[in-house]
Amino acid sequence: MSNNSMNVYSSYSIVLYEYAKADKNIKKYFQQAKLLLNLLSAQKHYLHNFLANYSINKTQRKQIIDLIARNMLTKKFKYFLYTIIDFNRCKLIIKILQKFLDLCANDLKIKNVKVFSAFELNQKLREKLKKALEKYCKTKLDIDYHIDENLIGGIKVQTNFGSIDNSYQSKLKNLKETLTWQYQNNNK
């Protein structure tokens with residue numbers, strides 16, 4: 001990515017962060033940005049591709065924002081998205097939101113974590129896992145859940161400060177290495 005693109009998405013994310021600070025509600029903006037980022041990333045990025053399609057006029061793209069924002073976004077957040085459309089920056093919207101979430105997480109003292117599992121975790125399991133991970137990490141966590149179809153079972157946790165691999169693949173790999181080592185040492 002060019003430095004110009006990085007400067008652009010950083011600048012936009014800082015503006016949104018300043019809106020959140022001015023409204024004295026960084027947590028609310030953080031939650032809205034997470035929801036919007038999930039929508040933009042869902043279903044093979046259809047919404048993102050629609051918003052970034054410059055052959056569709058800006059009014060139609062703003063109408064989609066209105067439909068989304070009706071119950072989800074503050075007025076300032078909605079107008080911020082209009083600005084992104086007006087200045088043809090929709091291709092950078094995911095990067096803008098990711099950078100914004102980083103700024104908010106830093107302010108809220110929240111660490112971002114990705115959890116990968118073989119199947120969708122129900123709410124009870126998510127709460128139990130979050131509680132255990134927050135106790136283990138000794139900090140508040142914002143967890144993004146992902147399904148990894150390559151996993152047989154178990155979970156993998158990735159953070160910017162370390163990772164935990166409690167997947168069956170990892171356990172089977174460790175078992176194989178142990179058995180191989182024992183076999184080789186017994187046959188010397």
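This chain uses plain numbering: 1 for the first residue, then up along the sequence.
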If you measure from CG on D142 to CD on E134, what distance do you get to the nearest 0.5 Å?
-> 10.0 Å

Going by heavy atoms in the side chains, are I84 and L51 under 4.5 Å from each other?
-> no

So, S170 side chain and N166 main chain: donor-acceptor pair closer than 3.5 Å or not?
-> no

Rounding to 0.5 Å, atoms CD (Q98) and OG (S13) come to a distance of 10.5 Å

Check whether any side-chain heavy atom of K34 sits under 4.5 Å from a side-chain heavy atom of Q31, and report yes or no.
-> no

Give the table of side-chain donor-acceptor pairs shorter than 3.5 Å for residues 99-117, with sequence neighbours excluded, one pair per line with atom names and distance.
{"from": "D107", "atom 1": "OD2", "to": "Y17", "atom 2": "OH", "distance (Å)": "2.9"}
{"from": "S117", "atom 1": "OG", "to": "F119", "atom 2": "O", "distance (Å)": "2.6"}

Taking the side chain as C-beta and beyond, is there a heavy-atom pair between T159 and L133 under 4.5 Å?
-> no

Please indicate whether K78 has more than 12 foreign heavy atoms, meaning atoms of other residues, nucleotides or ligands, lying under 6.0 Å from its NZ.
-> yes

Where is the tightest heavy-atom contact between C90 and A52, given as atom of each residue plus distance?
-> CB-CA, 3.6 Å

4.5 Å side-chain heavy-atom contact, I152 and S167 = no

Contact check, side chains of M72 and F77, non-hydrogen atoms, under 4.5 Å = no

same_hphob_cluster(Y82, L35) at 4.5 Å side-chain heavy-atom cutoff = yes

Sub-4.5 Å side-chain heavy-atom contact between I68 and L47 = yes

Quick one: side-chain contact (heavy atoms from CB on, under 4.5 Å) partners of N57, sequence neighbours excluded?
-> T59, Q60

K91 versus Y54: any side-chain heavy-atom pair under 4.5 Å?
-> yes

Kindly check if the number of other-residue, nucleotide or ligand heavy atoms within 6.0 Å of CZ (F50) is above 12?
-> yes

Going hydrophobic residue to hydrophobic residue with side-chain gaps under 4.5 angstrom, can you get from F87 over to I85?
-> yes

Kindly determine whether L73 and L81 satisfy side-chain contact (heavy atoms from CB on, under 4.5 Å), including the steps that lead there.
-> CA-CA 10 Å; L73 304 174; L81 295 174; 3.6 Å; yes

Exercise answer: donor-acceptor pairs, residues 124-131 side-chain atoms, under 3.5 Å, sequence neighbours excluded:
{"from": "R126", "atom 1": "NE", "to": "L121", "atom 2": "O", "distance (Å)": "3.0"}
{"from": "R126", "atom 1": "NH2", "to": "E120", "atom 2": "OE2", "distance (Å)": "2.5"}
{"from": "E127", "atom 1": "OE2", "to": "Q123", "atom 2": "NE2", "distance (Å)": "3.4"}
{"from": "K130", "atom 1": "NZ", "to": "L141", "atom 2": "O", "distance (Å)": "3.4"}

Could you tell me which non-hydrogen atom of H45 sits nearest to which non-hydrogen atom of I94, and how far apart they are?
-> ND1-CD1, 3.6 Å

Rounding to 0.5 Å, atoms CG (N53) and CZ (R61) come to a distance of 7.0 Å

Assess whether atom NZ of K76 is packed by more than 12 heavy atoms of other residues, nucleotides or ligands within 6.0 Å.
-> yes

Within one Ile-Leu-Val-Met-Phe-Trp-Tyr cluster: I56 and I64, side-chain cutoff 4.5 Å = yes

Donor-acceptor side-chain pairing of Y79 and D86 below 3.5 angstrom = no

Between the CD1 atom in I164 and the NZ atom in K156, the distance rounded to the nearest 0.5 Å is 13.0 Å

List the atom of I155, the atom of V157, and the distance in Å for their closest heavy-atom pair.
-> CD1-CG2, 4.0 Å

Point-to-point distance, once rounded to the nearest 0.5 Å, from CD of Q182 to OG1 of T180 | 9.5 Å

Under 4.5 Å between any side-chain heavy atoms of I26 and Y29, yes or no?
-> no

Same cluster or not: are L179 and Y183 linked, directly or through other Ile, Leu, Val, Met, Phe, Trp or Tyr residues, by side-chain heavy atoms under 4.5 angstrom apart?
-> no

Where is the tightest heavy-atom contact between N88 and K58, given as atom of each residue plus distance?
-> OD1-CE, 3.6 Å

Counting N and O atoms only, with roles assigned by atom type, does the side chain of H48 sit under 3.5 Å from a partner on the main chain of L37, one being a donor and the other an acceptor?
-> no

